[in-house]
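First the structure, in the form of structure tokens, and then the observations on it.
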Number of protein chains: 2
Amino acid sequence: MKLDVELMILDELIQEIVQGKYQVNEQFPSENELSQKYNVPRIKVRNAFLKLEEMGYIYSQQGKGRYLKDKQLKIKLHLTGAQSFTEKMTEAGYAFESKNIGCEKITYHPRIYSILQVSPEDEVFKISRLRMIDGKPIALHSSFVAKSIFPNIEQDGSRLSSMFAYYRENGWTEFTSSDSHLSISFPTSEERSILQCPSLIPLLIVESDCIAASQHKVLEYTKIIYRSDSFTYKIPSE
Amino acid sequence: MKLDVELMILDELIQEIVQGKYQVNEQFPSENELSQKYNVPRIKVRNAFLKLEEMGYIYSQQGKGRYLKDKQLKIKLHLTGAQSFTEKMTEAGYAFESKNIGCEKITYHPRIYSILQVSPEDEVFKISRLRMIDGKPIALHSSFVAKSIFPNIEQDGSRLSSMFAYYRENGWTEFTSSDSHLSISFPTSEERSILQCPSLIPLLIVESDCIAASQHKVLEYTKIIYRSDSFTYKIPSE
DNA sequence: TCATCATAACTTGTTGCCAAGCTAGTGAAT
DNA sequence: ATTCACTAGCTTGGCAACAAGTTATGATGA
């Protein structure tokens, strides 16, 4: 069994943080101080700190030191539910804001096309909305819809805020959905930049669809990317 | 905007991996090779590789090189459901195995005690089972029960494989549960050792309870820790 | 007394150098 | 021809030395 001092130090630091040893913006012991305390080379302590920073616990200032970051607001979120994201948030009393950040045609993607039940010749558009609380991005909501079902989506897409409202405008009134799929991954550089998060924040990815109840027609494939440090999630007990 | 070459290289490597550029056990370009290609110091490439290793994508051999790891089997798991874990797995046809790895008295923990609705003087025991597929640990299932409800738990705890069976033995027959709570975190050193996983595998943590339907008595507080690289999760659409 | 500057002693940030491990090739000894 | 030991050249692993930024202190001079 190889014991890794870097991870040991990281464990210890995280434990101290969750136990509340440090105040927000309080300075941590310096790299040299800890390397002497643990009797390990400075680089080991340094690497532990770097990881801690990428996990979003701390920030650092060259020449000064490392400090505890203000922790993210934890939002209780009910996963699943036909209720729209906006409804969930405003109902729960958060200073919620949603921003349409673009509508673009995607290149052929077998999985998405198959879920939408359209042919490769069809055009599919991705409408992205950024979900924010207190001006901070917390989730990225992407809806994929086919032009064959919504002929004007190319023009309409970039001004939509509620997809449900758009579907109603287009004559669809009752909706249902299949099971949601949930997975976890790390942010790509693009996602990091959009969600303004460091690299070691795991993302919770929920994929689902929206089906017109009347005709069993798939209207949309949905992919929501949540910052895992911003939420605690609830799953109904059936 | 500060662009970080380490993360840029990491992004690129991950993308190449998911796109299938490398076969399992195929060797990656060496640190020196990539540092020349990107025209950055070797340490940057090295750090990207180290992170890739901690994420479980690759393994390295000193003197030889870095190689693509065999990817984890992805198990489709239905979150929630009164169905026991064992049932879910065997039903889905996996070579599933469960190992009781101990029963121990826990020190007072306000949240757990409050969920179990017992007083601080009461004794609470944690029964841990390791869930494995093909001999590889994939989840750690911990059940917390009070001695006041199960007087013999201290003796029985370390031989139990099914809690439901134990409850029935003790005269409880119908069960229900509250909403499940879901969160994500990184493994502690202990969890890494039990689950045999590297440090940057996010863990999916599902907390729930088990309530005797007849008397509305809380029998157990449950905490299941899943390796996020071993599962894809499904959530019912209600 | 007060303002200014140089400096020393800390902090974090960067990277080059050497160690350790593996392998294939070389050539001497059998 | 075969075996063995050595070596050169690659690989990853580890870390010390240096760079850059900040701050407090104290000497200097108006």
Side-chain angles (χ1 to χ4, degrees), chain A residues 1-10 12-14 16-17 21-70 189 192 198-200, chain B residues 1-10 12-14 16-17 21-70 189 192 198-200:
Chain A
M1 170 75 196
K2 167 194 166 197
L3 80 150
D4 193 319
V5 288
E6 259 177 54
L7 293 176
M8 190 265 285
I9 293 171
L10 181 62
E12 212 145 307
L13 286 170
I14 290 179
E16 287 177 351
I17 290 171
K21 178 170 172 182
Y22 301 98
Q23 304 286 318
V24 171
N25 294 322
E26 184 180 338
Q27 186 169 3
F28 279 74
S30 77
E31 295 175 2
N32 280 315
E33 209 170 317
L34 288 186
S35 72
Q36 279 169 35
K37 173 182 164 191
Y38 291 111
N39 196 31
V40 296
R42 182 172 80 95
I43 196 83
K44 303 276 185 185
V45 177
R46 177 173 177 73
N47 284 337
F49 270 127
L50 289 178
K51 223 166 261 176
L52 209 55
E53 184 170 357
E54 290 186 303
M55 288 178 178
Y57 285 106
I58 60 170
Y59 61 93
S60 67
Q61 283 179 256
Q62 186 176 358
K64 297 184 74 177
R66 301 182 190 278
Y67 306 88
L68 185 64
K69 229 191 200 173
D70 203 356
S189 58
R192 282 197 298 275
S199 63
L200 292 186
Chain B
M1 171 76 194
K2 167 196 165 195
L3 80 149
D4 192 320
V5 287
E6 258 178 55
L7 292 176
M8 189 265 284
I9 294 171
L10 181 62
E12 211 144 309
L13 286 170
I14 290 178
E16 287 178 351
I17 290 171
K21 177 168 174 185
Y22 301 98
Q23 304 287 318
V24 171
N25 295 322
E26 184 180 339
Q27 185 170 2
F28 280 74
S30 77
E31 297 175 2
N32 280 316
E33 208 169 318
L34 288 186
S35 72
Q36 280 169 35
K37 172 182 166 191
Y38 291 112
N39 198 30
V40 296
R42 183 172 78 94
I43 195 78
K44 303 277 185 189
V45 177
R46 176 174 177 71
N47 284 337
F49 270 127
L50 289 178
K51 220 167 264 176
L52 208 55
E53 185 170 357
E54 291 187 301
M55 288 178 177
Y57 286 108
I58 61 170
Y59 61 93
S60 68
Q61 282 179 255
Q62 186 176 358
K64 297 185 72 177
R66 301 182 191 278
Y67 306 87
L68 186 64
K69 229 191 202 173
D70 203 355
S189 59
R192 282 196 300 274
S199 62
L200 292 186

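Chain naming here is simple, since letters A, B, ... match the order of the sequence lines and numbering starts at 1 in each.
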Judged by nearest nucleotide, the residue sitting upstream toward the 5' end of DNA chain D, K44(A) or G63(A), is K44(A)

Atom CD of E33(B) and atom P of dC10(D) are separated, to the nearest Å, by 11 Å

Comparing P41(A) with Q61(A), nearest DNA chain D nucleotide closer to 5' gives the residue P41(A)

What do the steps show when you test E12(B) against Y38(B) for side chain to side chain donor-acceptor pair (under 3.5 Å), and what is the final call? CA-CA 11 Å; E12(B) 211 144 309; Y38(B) 291 112; 2.9 Å; yes

Quiz item: In terms of side-chain heavy atoms, does N25(A) have a donor or acceptor partner in Y59(A) at a distance below 3.5 Å?
Solution: yes

Fill in: E54(B) and K51(A) ion-paired at < 4.0 Å
yes

- Short side-chain N/O contact to dC10(C) OP1/OP2 from N32(A), under 4.0 Å: no

Here the distance between atom C1' of dC18(D) and atom CD1 of I43(A), to the nearest Å, is 13 Å

From CZ of R46(B) across to P of dA19(C) the rounded distance in Å is 16 Å

Rounded to whole Å, CG of L50(A) lies from C1' of dT15(C) at a distance of 14 Å

Taken to the nearest whole Å, CD/Q62(A) to P/dT23(D) is 12 Å

- Query: If only side-chain N and O atoms of K64(B) are considered, is one of them under 4.0 Å from the OP1 or OP2 phosphate oxygen of dT23(C)?
  - Reply: yes

Under-4.0 Å salt bridge between E53(A) and K69(A)
no

To the nearest angstrom, the CD-P distance between E31(B) and dT15(C) comes to 15 Å

Between CD of Q27(A) and C1' of dC10(C) the distance, given in whole Å, is 10 Å

Pairing donors with acceptors under 3.5 angstrom, does anything connect the side chains of E26(A) and Y67(A)? no

### Query
Can a side chain N or O of R42(A) be found less than 4.0 Å away from OP1 or OP2 on dC18(D)?
no

Whole-Å distance, Y67(B) OH to dT12(D) C1', equals 10 Å

Exercise. So does S60(B) get a side-chain nitrogen or oxygen closer than 4.0 Å to the phosphate oxygens (OP1/OP2) of dT12(D)?
Worked result: no

